[in-house]
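Because the structure is predicted, anything quoted here is derived from the model rather than measured. Counting starts at 1 for both ligands and their atoms, following the listed order.
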Amino acid sequence: MHLARFPRVRFAHLPTPLEPLPRLSEALGGKAQFWVKRDDCTGLAGGGNKTRKLEFLVGEALQQGADTLVTQGAVQSNHVRQTAAAAARFGLACEVILEQRVPTNAVDYNRSGNVQLDDLLGAKARRVPAGSDMNAALETVAQEVRDSGGKPYVIPGGGSNTVGSLGYVECAVELVTQANALGLVIDRIVTATGSAGTHAGLVAGLALIGADIPVLGIGVRAAKDAQETNVFKLALATAEKLGHPERVTRELVVADCDYVGEGYGLVDHDVIEALKLAARTDALLLDPVYTGKAMKGLIALAKQGRFDGETVVFLHTGGAQGLAGYQSAL
Ligand SMILES: *Cc1c(COP(=O)(O)O)cnc(C)c1O
């Protein structure tokens with residue numbers, strides 16, 4: 001595996017810190033040691049997990065001579081905000097399609113948080129109803145850009161294709177390198193899993209370097225079967241891009257989708273409790289859509305004894321920039 005073979009631009013603050021969570025570990029019973037990989041600190045206009053993916057995606061866009069990034073996401077998408085920021089950094093135009101996926105007319109959800117930042121960063125946004133065909137919408141916007149003489153580069157939702165996943169292959173290598181330097185044996189990695197690129201990249205990267213560290217994805221939207229199938233397909237395709245598809249097997253992909261609650265982007269009591277616990281123990285700012293749900297799952301599983309005796313690294317994928325959009329829901 002040789003990531004330098006792929007086009008890439010550099011703007012992420014790397015390596016992100018790997019830090020112990022002593023107070024959270026104690027609050028959860030002290031039988032497991034929790035650590036955090038701070039990918040909320042990737043540095044691009046608030047940072048988050050899409051930044052690593054965008055280094056490879058924008059690298060390819062520039063190589064192709066694109067002048068406009070086109071992408072899509074939910075109204076409070078962190079991916080859209082980070083794409084808008086990356087476009088600004090390279091003087092590219094940015095066209096985004098926001099799906100009204102979360103059923104709410106709340107002013108904060110629709111105007112604050114990531115929405116405000118997208119606008120500040122200069123992205124041109126349009127909105128479509130929940131359930132719209134987002135891939136068709138991306139193609140429509142890309143065609144509009146071409147018709148007006150531009151060169152679009154289309155980034156799928158969440159930046160989750162094999163190019164974006166390379167960012168999390170790299171994260172896997174970075175994390176294992178840090179653990180080796182510290183003499184820290186990692187028994188498990190826990191991450192939120194949504195559009196699948198993060199989870200898939202980690203699984204592919206760990207398999208390619210032979211690290212034998214299991215990854216548990218906590219789902220935020222889809223049911224377990226669908227989520228695992230998506231992650232496996234992308235992990236396999238990513239490993240294939242790197243020349244070793246045989247290293248990624250179906251058993252390596254595990255998602256627990258029991259903590260979605262009412263649905264994507266909808267907050268429940270346990271999510272709020274998870275946000276408070278992470279903030280009030282080790283001062284982690286989580287978000288209600290992804291990392292809060294993942295922490296809700298981590299807390300429940302820790303209380304069931306599922307991590308007893310283990311050292312568990314929680315991947316903090318970012319998202320706190322969306323908190324302002326959830327002020328009323330919280
Ligand atoms: C997008 C996102 C995720 C999920 O990552 P995927 O690669 O889409 O699975 C997790 N946390 C945050 C904060 C995100 O914005």
Within the 4.0 Å heavy-atom shell around [X], which atoms of ligand 1 are there?
{"X": "Gly194", "answer": "4 (C), 6 (P), 8 (O), 9 (O)"}
{"X": "Thr193", "answer": "9 (O)"}
{"X": "Gly319", "answer": "13 (C)"}
{"X": "Thr317", "answer": "10 (C), 11 (N), 12 (C), 13 (C)"}

(message) Geometry only, no angles: is Ser195 polar-contacting ligand 1 at N/O separations under 3.5 Å?
(response)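 N/O-N/O distance under 3.5 Å: yes.
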(message) Would Gly318 count as a polar contact of ligand 1, with the cut-off being nitrogen or oxygen pairs under 3.5 Å?
(response)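 No; the residue has no nitrogen or oxygen that sits under 3.5 Å from a nitrogen or oxygen of the ligand.
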(request) Kindly indicate whether the side chain of Gln72, heavy atoms from C-beta on, has any atom under 4.5 Å from the side chain of Val141. (result)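 No, too far: nothing below the 4.5 Å cut-off.
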(message) Is any side-chain heavy atom of Lys241 closer than 4.5 Å to one of Leu166?
(response)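 Yes. Closest side-chain heavy atoms under 4.5 Å.
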(message) Checking Lys276 now: which residues fulfil salt bridge (Lys or Arg N to Asp or Glu O under 4.0 Å) with it, not counting sequence neighbours?
(response)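 Listed in chain order: nothing, the list is empty.
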(message) Heavy-atom contact check, 4.0 Å cutoff: does Ala196 meet ligand 1?
(response)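 Yes, that is the case, since the closest heavy atom of the residue is under 4.0 Å from the ligand.
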(request) Say whether Gly158 and ligand 1 are in contact under the criterion: heavy-atom distance to a ligand atom below 4.0 Å. (result)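 It does not, in that no heavy atom of Gly158 comes within the 4.0 Å cut-off of ligand 1.
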At under 4.0 Å between heavy atoms, which part of [X] makes contact with ligand 1: side chain, backbone, both or neither?
{"X": "His199", "result": "neither"}
{"X": "His79", "result": "neither"}
{"X": "Asn49", "result": "side chain"}

(request) Assess whether atom CD of Glu19 is packed by more than 12 heavy atoms of other residues, nucleotides or ligands within 6.0 Å. (result)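 Result for CD/Glu19: enclosed.
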